[in-house]
Amino acid sequence: MVLDFSTELGGVKFPGAVMNASGPNDTTIDELWGIACSESCAVTTKTTTILPRPGNSQPRYWEAEWGSINSSGLPNPGYLAMIETINQLKLRTPKPIIASFSGFNLDETVTLAKALNASKADILELNLSCPNIAGKPQVAYDCPTSEAYLTEVRKVTTKPLAVKLSPYTDGVMQDAMVDVLRRVKPEFIATINSIGNGMVIDADKKLIVIKPKWGGVGGSPIKPIAIGNIRRFYERLPDVPIIGIGGVMNGKDAFELILAGASTVGVGSAYAIHGPDVFGKIQKELGVELQKHGYSTVAEAVGQARPID
Ligand code: DHB
């Protein structure tokens, strides 16, 4: 039996269950077209900012079998160029386009939200959690500022809104963010972003592997943190679909995030390492896991991990 992975979440139809997470290789029309032509069930863009940004100094990305570290620094062509790209892409693909954006203050955030709301993007994803801008804190660790951004974005937008959260390792702060989200009511929670300010050292060379030294860690080491975050939000906000991200290197990982409470799964590091064929591979492997456990849809498996009696 071939599983039907298509689903409708937050009022948006997705032709599958696995998508790219905002981050790697998702800026140019060619990169985005590559994602659109793959089995990815949506096309998520690199986070765009008001001004074009070259990003941090190179080398700023490093990968291993277990995942990756990057300190890209939000390189992007600026929102006006990104909107052109999104609008061009929409002429060529029926897949939902998720436009990720991040302002460096409230005014910028509102300007970006307004402009992207008028674009052909299907979902707006407010990235409150980039770890790699020197001197700029991750807004998601500051609940009052997060609430102010989200509230103002809500006032100027009509499209479904996703909020991209930081990895929380403090349950009290997580619950404070739950309260914010109860008030703002986004259509999606996207969690987790990379774990910021990690460092990888090549012991043989006695070398820190990226030039900016610290970066966001993705891949297998962050999976338990992703699952813990997904589960906390799923238990507290069961009606808000979660785009589960963090450590999905294969279909079994995707299945674990779904059992925790994710309704769909985003892939970052594994896409950076293996390219766009990885989405189809992970979805196929997810299908094997679902069938092995007697599920015929992803929805049946969402949140089904049970506590020990
Ligand atoms: C970048 C942005 C992110 O949101 C992230 O998790 C990692 C890196 C960046 O562009 O630097």
Side-chain angles (χ1 to χ4, degrees), residues 19-28 31-32 44-64 66-79 81-82 98-104 108-109 112 116 123-142 145-146 149 162-169 177 188-200 208-223 225-226 229-230 243-248 265-273:
M19 66 179 76
N20 74 303
S22 178
N25 307 327
D26 54 358
T27 306
T28 66
E31 290 169 338
L32 295 166
T44 312
T45 70
K46 180 72 186 169
T47 299
T48 193
T49 53
I50 293 280
L51 295 174
R53 293 176 56 84
N56 296 337
S57 28
Q58 305 264 16
R60 58 195 185 196
Y61 169 79
W62 185 90
E63 69 187 34
W66 52 260
S68 65
I69 183 165
N70 88 85
S71 179
S72 305
L74 297 180
N76 81 95
Y79 77 115
M82 190 61 100
I98 304 178
S100 174
F101 68 104
S102 178
F104 291 128
E108 286 193 8
T109 305
L112 290 164
L116 287 164
I123 296 171
L124 310 181
E125 182 173 282
L126 177 57
N127 182 359
L128 295 177
S129 45
C130 175
N132 295 330
I133 308 297
K136 294 276 179 197
Q138 294 180 52
V139 175
Y141 290 134
D142 169 352
T145 304
S146 295
Y149 282 25
V163 53
K164 180 81 172 274
L165 296 175
S166 297
Y168 297 106
T169 56
M177 182 52 78
F188 299 90
I189 295 169
T191 191
I192 59 175
N193 210 320
S194 59
I195 297 188
N197 294 285
M199 184 179 280
V200 174
I208 299 169
V209 299
I210 53 172
K211 176 100 180 191
K213 301 199 280 190
W214 293 271
V217 179
S220 298
I222 78 168
K223 188 174 68 172
I225 309 294
N229 275 265
I230 290 164
I243 304 172
I245 305 160
V248 175
V265 167
V267 175
S269 290
Y271 165 51
I273 296 167

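The model shown is predicted, which means the values in this text are computed figures rather than measured ones. Just so you know, ligand 1 is whichever comes first in the structure, and atom 1 is the first atom listed for that ligand.
- With Thr45 contributing its side chain and Ser100 its backbone, the two residues share a donor-acceptor pair below 3.5 Å.
- Proximity to Leu74 (heavy-atom distance under 4.0 Å) selects the following atoms of ligand 1: 2 (C), 9 (C), 10 (O), 11 (O).
- Between Asn132 and Asn70, the closest side-chain pair of non-hydrogen atoms falls below 4.5 Å.
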Check the pair Tyr79, Ile50 against side-chain contact (heavy atoms from CB on, under 4.5 Å), reporting the backbone distance first and the verdict last. CA-CA 5 Å; Tyr79 77 115; Ile50 293 280; 4.1 Å; yes

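- In terms of modelled atom types and a separation under 3.5 Å, the side chain of Arg53 and the main chain of Gly73 share a donor-acceptor contact.
- Contact annotation: the side chain of Ser102 never approaches that of Lys164 to less than 4.5 Å [non-hydrogen atoms, C-beta and beyond].
- Nearest protein heavy-atom contact of atom 11 (O) of ligand 1 is Gly73 N, 2.6 Å.
- At least one side-chain heavy atom of Thr48 sits less than 4.5 Å from a side-chain heavy atom of Leu116.
- Only the side chain of Lys46 comes within 4.0 Å of ligand 1, judged by heavy-atom distances.
- Contacts with ligand 1 closer than 4.0 Å are made by side-chain heavy atoms of Asn132 only, the backbone lying farther away.
- With a 4.0 Å cut-off on non-hydrogen atoms, Asn127 touches ligand 1 through its side chain and not its backbone.
- Looking only at heavy atoms of the protein, atom 2 (C) of ligand 1 is closest to Cys130 SG, 3.3 Å.
- With hydrogens and angles disregarded, a donor-acceptor distance shorter than 3.5 Å links the side chain of Asn229 to the backbone of Tyr168.
- At the top of the distance list for atom 7 (C) of ligand 1, counting protein heavy atoms only, stands Ser194 OG, 3.4 Å.
- Within the 4.0 Å heavy-atom criterion, the part of Pro131 lying near ligand 1 is the side chain and not the backbone.
- Residue contact check for ligand 1: Gly216 places no non-hydrogen atom closer than 4.0 Å to it.
- With respect to atom 6 (O) of ligand 1, the closest heavy atom belonging to the protein is Asn193 OD1, 2.1 Å.
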